[in-house]
Amino acid sequence: MEVRVRYAPSPTGFQHIGGVRTALFNYLFARANGGAFILRLEDTDRTRYADEYVQNLYDTFDWLGFKWDEGPDIGGKCAPYVQSQRFELYREHAEKLVAMGKAYYCFCDEDRLERIRKIQTVNKMAPGYDRHCRSLAPDEIKANLDAGKSFVIRLKIPLEGATAFHDLLLGDIEWKNEDVSPDPVLLKSDGFPTYHLANVVDDHFMRVTHVLRAQEWIPSTPMHVVMYEAFGWMHPEYCHLPMVMGSDGHKLSKRHGATSMNEFRNGGYLKEAVINYIGMLGASYEEGKDLFSLAEMEMLFRVDKLNKAPAVFDYKKLEWFNGQYIRLKTDAELYELIVPFLEKDGVVGHAPDGATKALLFGVMPLIKERLRYLTEVSGMVRFFFEEPAVPPLADLVPKKLDVSKTRAILARASELLESADLSNHESTEAAFRAAADELGVKLGDMLMPVRMAVTGTRVSPPLFESIRILGVEKARSRIGSAIAAF
RNA sequence: GUCUCCUUCGUCUAGAGGUUAGGACAGCGGGUUUUCAUCCCGCCAACAGGAGUUCGAUUCUCCUAGGAGAUACCA
């Protein structure tokens, strides 16, 4: 039987780490098993829904480079893949369960529900519906319906016994029926299905064979199983994925730092780093190897490689992955990645001209080893495009040296640069070293004032290369400005 | 509160009934070096606790503790 899995996000927020990870694992599972990966939009929560979230979903996965085999945008044999477009199907099936005596109309309003909740809390009882309408007489139901009273449809959870299911990762899990949520709502009063109904109906009709989802769904799995049984359907295989936690051990959320993929993308992360890191969170593929491409993970993914315990999201380790992948890029690739950030920061104009591009290509090897995030690029290369402010004296003069010495260093450096062959590192460095000796200072102390004058910062790409790319004339003029400020 | 799941260095993890319990990130120290990085080397650091099974348990079983998740007309 063909393996079919799905990622079924609800467009009620921006795509975040947790969702993307669930999507990744489903995607990998499909690829590793030669199956199909389906995207389904679960837009049944009309109060939290927004179009921009749907757009964000597409943008995010487009960026990551995930492709689904069936989905709202590309169709497929089980279309439509948007739940709001399958509206009738759910209603019909909810009614069907009522007809079969497996579900019932409930006319309890918000107030009554609120009241019983209050009583339950006061009496320290487990909160939940009291099944009041489960035993309504047929004529009572008919009267309510005829009166046009608003209703929901609730699933009858068996009052006794237990419901068990097998989890591919966790093994056998059994729940006493009395501990299953008492008669969950299937169809809301607005006619929309709840997640539970829509999920089960769609997974059935879309012939989903494996449900890989976060462990927070474990408690609702028994009610899903009850529903499948009520319908007389086989339920899919379940695999509940370990959750992603923040550093405090709680479910990862905004307060732990960036969580939405937007933030990572705008924050200068590479998709390869994010995918690699997320794919390794709660899993391992091969001892002694850390870097895995998406293609490699597609080959290697197996459920028994997953860990059962929740995993803490480590931004430091992601940062390391990011640096690794930046270093793996060719100059041309890195250039493409970096330009949007330079444009955004106003370092270069839109659609850089040939000269700018050539300059940046020259700079690429200098910054590749230094970037941790693409966002850092502007700060590193700005001095190539803009005149840095003349540094204050205090920053120009190296520790232990005085003003006149520094002035002499700058003058001498400017002189050396005039005749230096900057394409030859050794000779340039040798010349500066000799000059430093002459002046009685260390090479580092000789170069730091020059660095400050030319780049405007204490930390910069290698000086000689930078000057070569910038142009000796510009460099000397900046040194001149610094001297003039004394 | 109740139910369910989970438990190897700070973090992500490998591991097997007998190992000096391995790797990676972080941290610390050192080397290379014109700054910063990169790169290289080294150090620190873990089997939650208690019973049981066994010649031998970190590994198997049970209990305890701790953690997490769920307890909605949200997913």
Side-chain angles (χ1 to χ4, degrees), chain A residues 8-13 19 42-45 47-48 106 108-110 113 117 120-121 123-129 150-154 167 169-171 173-176 178-182 184-190 192-196 198-199 213-222 240 242-243 245 247 249-251 277 280-284 286-291 307-321 323 327 366-372 380 425 428-429 432-433 436 442-448 450-452 455 457-464:
Chain A
S10 168
T12 53
E42 307 217 331
D43 57 344
T44 54
D45 182 351
T47 58
R48 294 194 301 157
C106 169
C108 295
D109 57 20
E110 207 61 57
L113 260 24
R117 208 159 2 216
Q120 283 162 339
T121 345
N123 296 338
K124 295 206 160 104
M125 288 157 61
Y129 183 54
S150 128
F151 66 88
V152 301
I153 290 178
R154 288 181 184 273
D167 186 286
L169 215 211
L170 270 14
I173 297 176
E174 185 177 284
W175 287 65
K176 290 204 259 326
E178 61 185 270
D179 293 325
V180 178
S181 171
V185 171
L186 262 25
L187 200 73
K188 307 181 214 176
S189 50
D190 63 2
F192 272 86
T194 58
Y195 164 83
H196 306 293
N199 192 263
R213 68 193 358 169
Q215 285 182 1
E216 60 193 354
W217 290 104
I218 292 176
S220 48
T221 304
H240 289 93
M243 310 228 314
M245 316 301 242
S247 48
H250 286 79
K251 229 166 113 169
Y277 178 62
M280 301 288 286
L281 235 203
S284 76
E286 194 180 314
E287 169 114 60
K289 184 172 150 117
D290 302 296
L291 266 29
N307 228 293
K308 296 179 184 183
V312 173
F313 194 92
D314 185 353
Y315 289 90
K316 276 286 181 192
K317 190 147 190 178
L318 210 209
E319 178 182 304
W320 177 80
F321 273 107
R327 259 149 250 144
L366 305 187
I367 60 173
K368 196 185 285 179
E369 307 296 309
R370 270 160 260 270
L371 288 173
R372 290 172 314 183
M380 275 181 201
H425 260 225
T428 308
E429 189 177 325
F432 271 81
R433 204 175 281 282
K442 288 195 285 196
L443 183 59
D445 284 339
M446 166 119 194
L447 292 178
M448 186 50 83
V450 180
R451 185 186 310 282
M452 280 304 303
T455 71
T457 57
R458 308 186 69 81
V459 176
S460 80
L463 231 205
F464 300 141

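To find a chain, count down the sequence lines: A is the first, B the second, and so on, and within it residues start at 1.
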Using the 3.5 Å cut-off, write out each protein N or O paired with an N or O of nucleotides 45-47 of chain B and the distance between them.
none

Nucleotide N/O to protein N/O under 3.5 Å, stretch nucleotides 25-32 of chain B:
{"from": "B:C25", "atom 1": "OP1", "to": "A:W320", "atom 2": "NE1", "distance (Å)": "3.3"}
{"from": "B:C25", "atom 1": "O2'", "to": "A:K317", "atom 2": "N", "distance (Å)": "3.4"}

Could you write out each protein N or O paired with an N or O of nucleotides 5-8 of chain B at a distance under 3.5 Å?
none

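Between A:S284 and B:A14 there is a side-chain polar atom (N or O) within less than 4.0 angstrom of OP1 or OP2. OP1 or OP2 of B:A75 sits under 4.0 Å from a side-chain N or O of A:T44. For A:K251, a side-chain nitrogen or oxygen approaches OP1 or OP2 of B:A70 to under 4.0 Å.
Between the side chain of A:R433 and the base of B:U34, no donor-acceptor pair of N or O atoms lies under 3.5 Å. Taking only distance into account, the side chain of A:S460 never meets the base of B:C36 through a donor-acceptor pair shorter than 3.5 Å.
A:H196 places its NE2 atom 12 Å from the P atom of B:A70, with the value rounded to the nearest Å. For the pair A:K289 NZ and B:G23 P, the computed distance is 19 Å after rounding to whole Å. Rounded to an integer number of Å, the gap from A:Y129 OH to B:A70 P is 24 Å. We find that CZ of A:R48 is positioned 14 Å from P of B:C73, with the value rounded to whole Å. To the nearest angstrom, C1' of B:C73 lies 13 Å from CZ of A:F192. The distance from atom CD of A:E178 to atom C1' of B:U71 is 15 Å, rounded to the nearest whole Å. Summarising the geometry, the separation between CG on A:N123 and P on B:U2 is reported as 15 Å, rounded to the nearest angstrom. If you measure from atom CG of A:D190 to atom P of B:C73, you get 12 Å, rounded to the nearest angstrom.
Separating the OG atom in A:S247 from the OH atom in A:Y315 is a distance of 8.0 Å, to the nearest 0.5 Å. Note that OG1 of A:T428 and CZ of A:R433 are 12.5 Å apart. Values are rounded to the nearest 0.5 Å. Put simply, CE on A:M280 and CG on A:L318 are 12.5 Å apart, with the number rounded to the nearest 0.5 Å. Atoms CG and OG, on A:D109 and A:S189 in that order, are 10.5 Å from each other to the nearest 0.5 Å. Atoms CG and CG, from A:L447 and A:L463 in turn, are 5.5 Å apart once rounded to the nearest 0.5 Å. The distance from the CE atom of A:M380 to the CG atom of A:L371 is 4.5 Å, given to the nearest 0.5 Å.
Nucleotides B:U11 and B:U54 have their C1' atoms positioned 35 Å apart, rounded to a whole Å. The same atom, C1', is picked in B:C41 and in B:U59; the two are 34 Å apart, to the nearest Å. Taking atom C1' in both B:U19 and B:C74, one finds a spacing of 49 Å when rounded to whole Å. Nucleotides B:G49 and B:U58, compared at atom P, are 9 Å apart to the nearest Å. For the P atom pair drawn from B:G69 and B:C12, the interatomic distance equals 15 Å after rounding to whole Å. Look at the P atom in both B:G67 and B:A75: the space between them is 31 Å, to the nearest Å.
Contact annotation for A:A214: no contact, since no heavy-atom pair falls under 4.0 Å across all strands. Counting non-hydrogen atoms under 4.0 angstrom, A:H250 reaches the backbone sugars and phosphates but no base. Using a 4.0 Å heavy-atom criterion, one finds that A:M245 contacts the sugar-phosphate atoms exclusively. Within 4.0 Å of A:F464, counting heavy atoms only, lies at least one base atom of the nucleic acid. Base contact: A:L463 has a heavy atom under 4.0 Å from a base atom. As judged by a 4.0 angstrom heavy-atom cut-off over every strand, A:P184 is placed among residues making no nucleic acid contact. Among the atoms of the strands shown, only primed sugar atoms or phosphate atoms (P, OP1, OP2) are found under 4.0 Å from some heavy atom of A:V185. Across all strands, A:M243 comes closer than 4.0 Å only to sugar-phosphate atoms, never to a base (heavy-atom distances). Residue-level contact check: A:R154 touches the backbone only, with heavy atoms under 4.0 Å from sugar-phosphate atoms and none from bases.
Of the candidate nucleotides B:U35, B:C73, B:U13, B:U35 has the atom nearest to the side chain of A:R451. Distance from the side chain of A:D45 is smallest to B:C74 among B:G1, B:U34, B:C74. Distances were taken from every side-chain heavy atom of A:W175 (C-beta onward) to each of B:C3, B:C73, B:A70; the shortest belongs to B:C3.
The backbone N or O of A:T44 lies less than 3.5 Å from a partner atom in the side chain of A:K188, making a donor-acceptor pair. Side-chain N or O atoms of A:T194 include one that pairs as donor or acceptor with a backbone N or O of A:V185 at under 3.5 Å. No donor-acceptor pair closer than 3.5 Å links the side chain of A:E42 to the backbone N or O of A:N199. Between the A:D45 side chain and the A:T47 main chain, a donor and an acceptor come within less than 3.5 Å of each other.
Between A:R370 and A:S150, the one whose closest nucleotide on RNA chain B sits nearer the 5' end is A:R370. Projected onto RNA chain B by closest heavy-atom contact, A:Y277 and A:P462 fall at different nucleotides, the more 5' of which corresponds to A:Y277.
For the pair A:Y129/A:P184, no side-chain contact is recorded, criterion being any heavy-atom separation below 4.5 Å from C-beta on.
Residues passing the ring-ring contact (aromatic ring centres under 6.0 Å, His included) test with A:W175, sequence neighbours excluded: none. Shown here are the side-chain contact (heavy atoms from CB on, under 4.5 Å) partners of A:S460, two or more places apart in sequence or in another chain: A:R451, A:T455, A:T457. Qualifying side-chain hydrogen bond (donor to acceptor under 3.5 Å, both in side chains) partners for A:D290, counting only residues two or more places apart in sequence or in other chains: none.
Nucleotide B:U19 has no partner under the Watson-Crick or G-U criteria, as no pair reaches both atom distances under 3.5 Å.
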Apply side-chain hydrogen bond (donor to acceptor under 3.5 Å, both in side chains) to residues A:R213 and A:T221 and explain how you reach the verdict. CA-CA 11 Å; A:R213 68 193 358 169; A:T221 304; 3.1 Å; yes
